Amino acid sequence: MSEYILPNWAIYSRESTLYADIEQHEDGVPQWSDPMRFSSVGIHMRPFALTLVEALDAVGVFSRAGLEATSDIWGTVDFLTNEHSGHVRDLTGQLAKRLDAEGLVTETATNDHARWFHQHWQMPMYNLDFTLIPASLDQLKADREAAYWSEVGYEYHGDY
């Protein structure tokens, strides 16, 4: 990201939301990172995944019948080629109706739970290739330097 060397955001945000860890930046100073503190980015918020899981539980998805309903409905689409967010909305709507019809929505479910269920349950990504592309710190630094010189109008050919 130009002058900044950042971790792969998809991996970092997922890992830092779910796990406590020690992280180290270019300055070499280790620091504690946990799901509730987000020490390195200064964001103090509840983990997104936890809020979504609580919503799914409240609307009945994690009951045995809820899991069967989820499999029956979401199993109708493979998400391989041209699927899009409209498919997700349709399937989520079908599942919501079935969970309600079968009386699986818990008494503790709130409008906020329903909003999280409908708006934040993402499209399945199990068929996408998320293979890590390895890059050394030296390569990242060289890329950053080249990007800088490109931004100021010079072609970069290594150390000046």
Side-chain angles (χ1 to χ4, degrees), residues 1-59 61-62 66-67 70-71 73-96 110-160:
M1 197 171 166
S2 246
E3 67 184 275
Y4 301 105
I5 295 174
L6 302 171
N8 176 307
W9 185 247
I11 293 172
Y12 179 78
S13 61
R14 181 187 68 228
E15 300 287 323
S16 65
T17 300
L18 297 174
Y19 307 111
D21 201 356
I22 296 173
E23 58 191 17
Q24 185 174 344
H25 301 280
E26 282 184 280
D27 61 8
V29 178
Q31 62 182 335
W32 183 249
S33 172
D34 68 59
M36 296 305 287
R37 285 187 36 225
F38 293 92
S39 62
S40 66
V41 292
I43 299 171
H44 302 281
M45 59 183 273
R46 194 155 193 269
F48 185 92
L50 177 59
T51 304
L52 179 58
V53 165
E54 288 176 351
L56 293 171
D57 184 48
V59 299
V61 169
F62 295 142
L67 291 171
T70 302
S71 177
I73 292 168
W74 282 82
T76 62
V77 179
D78 284 329
F79 292 93
L80 293 171
T81 55
N82 297 321
E83 294 76 17
H84 51 78
S85 60
H87 291 103
V88 174
R89 272 192 309 278
D90 293 344
L91 296 171
T92 302
Q94 291 174 40
L95 181 57
T110 65
N111 287 337
D112 204 36
H113 289 129
R115 182 178 60 80
W116 273 85
F117 172 74
H118 284 283
Q119 295 178 4
H120 298 290
W121 194 5
Q122 69 183 30
M123 181 165 60
M125 297 186 296
Y126 41 76
N127 289 316
L128 300 179
D129 182 8
F130 287 107
T131 304
L132 184 63
I133 300 171
S136 69
L137 183 56
D138 288 338
Q139 181 61 49
L140 293 171
K141 286 179 178 179
D143 291 348
R144 174 177 63 187
E145 189 72 14
Y148 168 76
W149 287 110
S150 174
E151 289 172 13
V152 297
Y154 296 101
E155 189 173 328
Y156 179 70
H157 298 286
D159 291 329
Y160 282 6

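Only a predicted model underlies this, so the values are computations on that prediction, with no experimental measurement involved.
Residue V61 comes nearest to T70 through the heavy atom pair CG1-OG1, 3.7 Å, listed as atom of the first residue, atom of the second, then distance. Of all heavy-atom pairs spanning W116 and L52, the tightest one is O-CD1, 3.7 Å. Shown here for A96 and F117, the closest heavy-atom pair between the two residues is CB-CE2, 3.6 Å. Closest of all the heavy-atom pairs between H118 and G93 is CE1-CA, 4.4 Å.
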Going through the distances and angles, do D90 and Q94 end up as a side chain to side chain donor-acceptor pair (under 3.5 Å)?
-> CA-CA 6 Å; D90 293 344; Q94 291 174 40; 6.0 Å; no
side-chain contact (heavy atoms from CB on, under 4.5 Å) evaluation trace for V59 with W121 = CA-CA 12 Å; V59 299; W121 194 5; over 6 Å; no
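Without hydrogens or angle criteria, T92 side chain to R89 main chain gives no donor-acceptor distance under 3.5 Å. In this structure, S150 contributes its side chain and A146 its backbone to no donor-acceptor pair below 3.5 Å.
Note on D112 versus R115: salt bridge recorded, some NZ/NE/NH1/NH2 to OD/OE distance being below 4.0 Å.
Residues R144 and Y148 are not in side-chain contact: their nearest non-hydrogen atoms beyond the backbone lie 4.5 Å or more apart.
The NE2 atom of H87 lies 9.0 Å from the OG1 atom of T76; values are rounded to the nearest 0.5 Å.
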